[in-house]
Peer 1: 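Before I ask anything, let me first share the structure, which is written out below as structure tokens.
Computed from a predicted structure; not experimentally measured. Atoms considered below: every heavy atom in the structure, side chains included; atoms not considered: hydrogens, waters and symmetry mates. Here, residue 1 is the first one in the sequence, and each next residue gets the next number.
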Amino acid sequence: MAGLILGNLIDIIEGFAPVDLQTAANNGDYVNVKNFKRIAVVFGSGLGTAGQDPTLTIQQATSNAGGGVKALNFTVIYRKQAATDLSGTGVWTRTTQASANTYTNGTSAEEDALWVVEFEAADLDVAGGFDHIRATVADVGGAAQPGFLLYLGVPAYPRNP
């Protein structure tokens, strides 16, 4: 069997493991984007309670310890959402918002959701020394709702997984 082909093209990094989003703030790990051409933040959540919609926040920092942390604004979010599951949702919806470092959708708590926000390393304040990103999802409220966070990075240089 050949090597992991997809692993040569995309690095998959866990931001936070599947959790109950209502137990506390859900902070993803900081990821160094120096060696990536592009990186995508992928957030998924299951069915929850109406009115307790997740809010995705993206920040940039100068180190993996969160040095100098500040907002990393974006305008485009790709999402799939459906009432029960995403098996019948084949097409991504492109959503545009005013430039901000947060995103929420008013019906996401009561739907199965998958959101993607993509960045190039140049989107960070590279001149200011910012080369790490982190995504977080705030505590959604008092009712259970499963969620997870991944980073998908396109390496700048070929490598074996």
Side-chain angles (χ1 to χ4, degrees), residues 1-21 24-46 54-82 85-87 89-105 108 112-140 145-161:
M1 178 175 184
L4 180 65
I5 302 300
L6 187 59
N8 288 320
L9 303 174
I10 297 174
D11 193 5
I12 302 169
I13 304 156
E14 184 176 65
F16 58 77
V19 297
D20 180 353
L21 296 171
N26 304 282
N27 297 323
D29 290 335
Y30 283 98
V31 175
N32 187 334
V33 298
K34 282 183 186 177
N35 295 319
F36 291 107
K37 290 180 189 175
R38 302 185 73 75
I39 194 156
V41 174
V42 180
F43 169 68
S45 66
T55 298
L56 177 67
T57 300
I58 303 178
Q59 301 168 314
Q60 58 185 319
T62 57
S63 71
N64 65 356
V69 68
K70 68 179 185 176
L72 179 56
N73 291 341
F74 56 93
T75 57
V76 176
I77 302 92
Y78 292 92
R79 63 184 178 85
K80 290 184 180 185
Q81 286 182 212
D85 65 60
L86 298 176
S87 62
T89 307
V91 179
W92 290 95
T93 298
R94 184 179 195 268
T95 301
T96 303
Q97 68 175 15
S99 184
N101 77 317
T102 62
Y103 174 74
T104 193
N105 178 285
S108 59
D112 190 18
L114 190 60
W115 300 343
V116 178
V117 181
E118 192 173 6
F119 298 96
E120 293 182 8
D123 293 335
L124 281 71
D125 178 8
V126 178
F130 289 82
D131 53 12
H132 289 72
I133 69 167
R134 174 174 81 161
T136 64
V137 178
D139 183 334
V140 295
Q145 182 175 8
F148 66 89
L149 182 81
L150 299 173
Y151 303 101
L152 303 180
V154 177
Y157 311 100
R159 60 185 173 183
N160 291 323

Peer 1: Okay, side chain of Tyr151, backbone of Ala135: is any donor-acceptor separation there less than 3.5 Å?
Peer 2: yes
Peer 1: Could you measure the distance from the CD1 atom of Ile58 to the CG atom of Leu72? Nearest 0.5 Å is fine.
Peer 2: 6.5 Å
Peer 1: Would you mind writing out the side-chain donor-acceptor pairs for residues 36-45 within the sub-3.5 Å range, not counting sequence neighbours?
Peer 2:
| unit_1 | atom_1 | unit_2 | atom_2 | d |
| --- | --- | --- | --- | --- |
| Arg38 | NE | Glu118 | OE2 | 2.7 |
| Arg38 | NH1 | Glu120 | OE2 | 2.6 |

Peer 1: I need the full list of side-chain hydrogen bond (donor to acceptor under 3.5 Å, both in side chains) pairs touching residues 59-72, with sequence neighbours left out, sorted by first then second residue.
Peer 2: Gln59-Arg134, Lys70-Asp125
Peer 1: Could you tell me which non-hydrogen atom of Thr89 sits nearest to which non-hydrogen atom of Ala82, and how far apart they are?
Peer 2: OG1-CB, 3.5 Å
Peer 1: Which pairs pass salt bridge (Lys or Arg N to Asp or Glu O under 4.0 Å) with one or both residues in residues 56-69, sequence neighbours excluded?
Peer 2: none
Peer 1: Tell me, please, which residues at least two apart from Ala71 pass side-chain contact (heavy atoms from CB on, under 4.5 Å).
Peer 2: Asn73, Asn101
Peer 1: Looking at CZ of Phe16 and CG of Leu150, how far apart are the two atoms once the value is rounded to the nearest 0.5 Å?
Peer 2: 9.5 Å
Peer 1: Can you list the residues that meet the side-chain contact (heavy atoms from CB on, under 4.5 Å) rule with Asn105, with sequence neighbours excluded?
Peer 2: Arg79, Gln81, Tyr103, Thr107, Ser108, Trp115
Peer 1: Under the side-chain contact (heavy atoms from CB on, under 4.5 Å) rule, collect the residues that match up with Thr75, sequence neighbours excluded.
Peer 2: Ser99
Peer 1: Would you please name every residue forming a side chain to side chain donor-acceptor pair (under 3.5 Å) with Asp20, sequence neighbours left out?
Peer 2: Gln22
Peer 1: Of all residues at least two apart in sequence or in a different chain, which pass the side chain to side chain donor-acceptor pair (under 3.5 Å) check with Asp131?
Peer 2: Lys34
Peer 1: Heavy-atom distance under 4.5 Å between the side chains of Thr55 and Thr57, does that happen here?
Peer 2: yes
Peer 1: Which atom pair, heavy atoms only, marks the closest approach of Leu21 to Pro54?
Peer 2: CD1-CG, 4.4 Å
Peer 1: Which value, rounded to the nearest 0.5 Å, describes the distance between Trp92 atom CH2 and Leu114 atom CG?
Peer 2: 4.0 Å
Peer 1: Closer than 3.5 angstrom, by distance alone: can the side chain of Asn26 be matched with the main-chain N or O of Ala24 as a donor-acceptor pair?
Peer 2: yes
Peer 1: Going by heavy atoms in the side chains, are Asp123 and Phe74 under 4.5 Å from each other?
Peer 2: no
Peer 1: Rounded to the nearest 0.5 Å, what separation is found between the CD1 atom of Ile133 and the CG atom of Asn32?
Peer 2: 10.5 Å
Peer 1: Using side-chain contact (heavy atoms from CB on, under 4.5 Å) as the criterion, list what pairs up with Ser87, not counting sequence neighbours.
Peer 2: Asp85
Peer 1: Can you tell me which residue among Val116, Ile13, Ile12 is in a side chain to side chain contact (heavy atoms under 4.5 Å, CB included) with Leu152?
Peer 2: Ile12
